[in-house]
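Numbers for residues simply follow the sequence, beginning at 1.
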Amino acid sequence: GVCTLLWCYDLDQVSIRNNCGCGQLETACGQVAMYSSMVQGLAGMCASVDSCCVDDTTDNDDFDTCMSTAISNGNFTVPDFDLLFPGGVPNLVGGDDTTTTSTAAPGGNTDGSKEPDDTNDAS
């Protein structure tokens with residue numbers, strides 16, 4: 001629901017991402033309907049998604065144009081999903097440029113042994 005909506009719809013650019021289809025947004029809107037009283041603009045946005053997406057066959061560019069027109073016509077304001085996430089919506093697209101390097105040898109533990117690591121054994 002919320003994750004699909006945030007992943008597939010670029011709220012800053014008010015456009016659907018290339019790797020998604022409007023049918024995914026329709027499904028997500030159905031799943032997040034319970035939050036519409038908490039997130040201003042969500043109900044209007046989802047109503048516009050429903051109007052702009054025709055049987056998941058709507059081209060993304062046509063969908064974006066339809067949604068932009070809906071905003072221009074005052075049908076909805078772009079929802080502020082930061083209200084649902086303490087600290088705001090995480091960046092789901094940009095990722096983190098840092099990498100983590102494992103110190104474990106292939107198939108082994110960080111100490112180089114291949115014995116099972118019993119430090120987290122619940123027994």
Side-chain angles (χ1 to χ4, degrees):
V2 172
C3 290
T4 300
L5 204 59
L6 296 174
W7 179 259
C8 287
Y9 197 67
D10 185 335
L11 295 167
D12 294 327
Q13 299 297 317
V14 189
S15 63
I16 192 169
R17 299 188 198 280
N18 290 332
N19 57 342
C20 295
C22 65
Q24 290 171 280
L25 294 179
E26 280 187 307
T27 300
C29 276
Q31 294 170 343
V32 300
M34 69 181 94
Y35 300 113
S36 62
S37 64
M38 294 171 54
V39 180
Q40 182 180 2
L42 180 60
M45 185 189 96
C46 286
S48 294
V49 165
D50 194 45
S51 302
C52 292
C53 186
V54 181
D55 298 326
D56 197 25
T57 59
T58 304
D59 175 80
N60 284 359
D61 289 335
D62 292 339
F63 180 81
D64 291 343
T65 300
C66 181
M67 291 295 284
S68 291
T69 300
I71 291 171
S72 296
N73 291 342
N75 295 353
F76 75 96
T77 57
V78 177
D80 181 5
F81 285 101
D82 287 340
L83 298 172
L84 294 177
F85 297 94
V89 175
N91 183 356
L92 299 176
V93 177
D96 188 355
D97 291 338
T98 60
T99 57
T100 302
T101 305
S102 173
T103 58
N109 297 320
T110 56
D111 65 0
S113 71
K114 293 193 180 209
E115 296 299 317
D117 185 358
D118 295 333
T119 58
N120 293 325
D121 191 359
S123 57

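Nearest heavy-atom pair across N19 and Q24 is O-OE1, 4.2 Å. Closest approach of S48 and A70 over heavy atoms only: OG-CB, 3.5 Å. Between M67 and C52, the shortest heavy-atom distance links the atoms N-SG, 3.7 Å. Taking every heavy atom of both residues into account, F76 and G44 meet most closely at CB-C, 3.4 Å.
In terms of the side-chain contact (heavy atoms from CB on, under 4.5 Å) criterion, S51 has no residue partners (sequence neighbours excluded).
When side chains are defined from C-beta on, Y9 does not count as touching T4, because their heavy atoms never get closer than 4.5 Å.
For CG of N73, the number of neighbouring non-hydrogen atoms (other residues, nucleotides, ligands) closer than 6.0 Å is greater than 12.
For the atom pair L5 CG and C20 SG, the distance stands at 10.0 Å (nearest 0.5 Å). Rounding to the nearest 0.5 angstrom, the gap separating the CE atom in M45 from the SG atom in C29 is 4.5 Å. Between the CD1 atom in I16 and the SG atom in C66 there is a gap of 11.5 Å [rounded to 0.5 Å].
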I'd like a table of donor-acceptor pairs (distance under 3.5 Å, sequence neighbours excluded) in which one partner is a side-chain atom from residues 33-43, with atom names and distances.
{"residue": "S36", "atom": "OG", "partner": "A33", "partner atom": "O", "Å": "3.0"}

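Considering T58, T27, D64 in turn, T58 is the only one that fulfils the side chain to side chain contact (heavy atoms under 4.5 Å, CB included) rule with C22.
The backbone N or O of D61 lies less than 3.5 Å from a partner atom in the side chain of D59, making a donor-acceptor pair. Listed for the S68 side chain is no donor-acceptor partner under 3.5 Å among the backbone atoms of T65.
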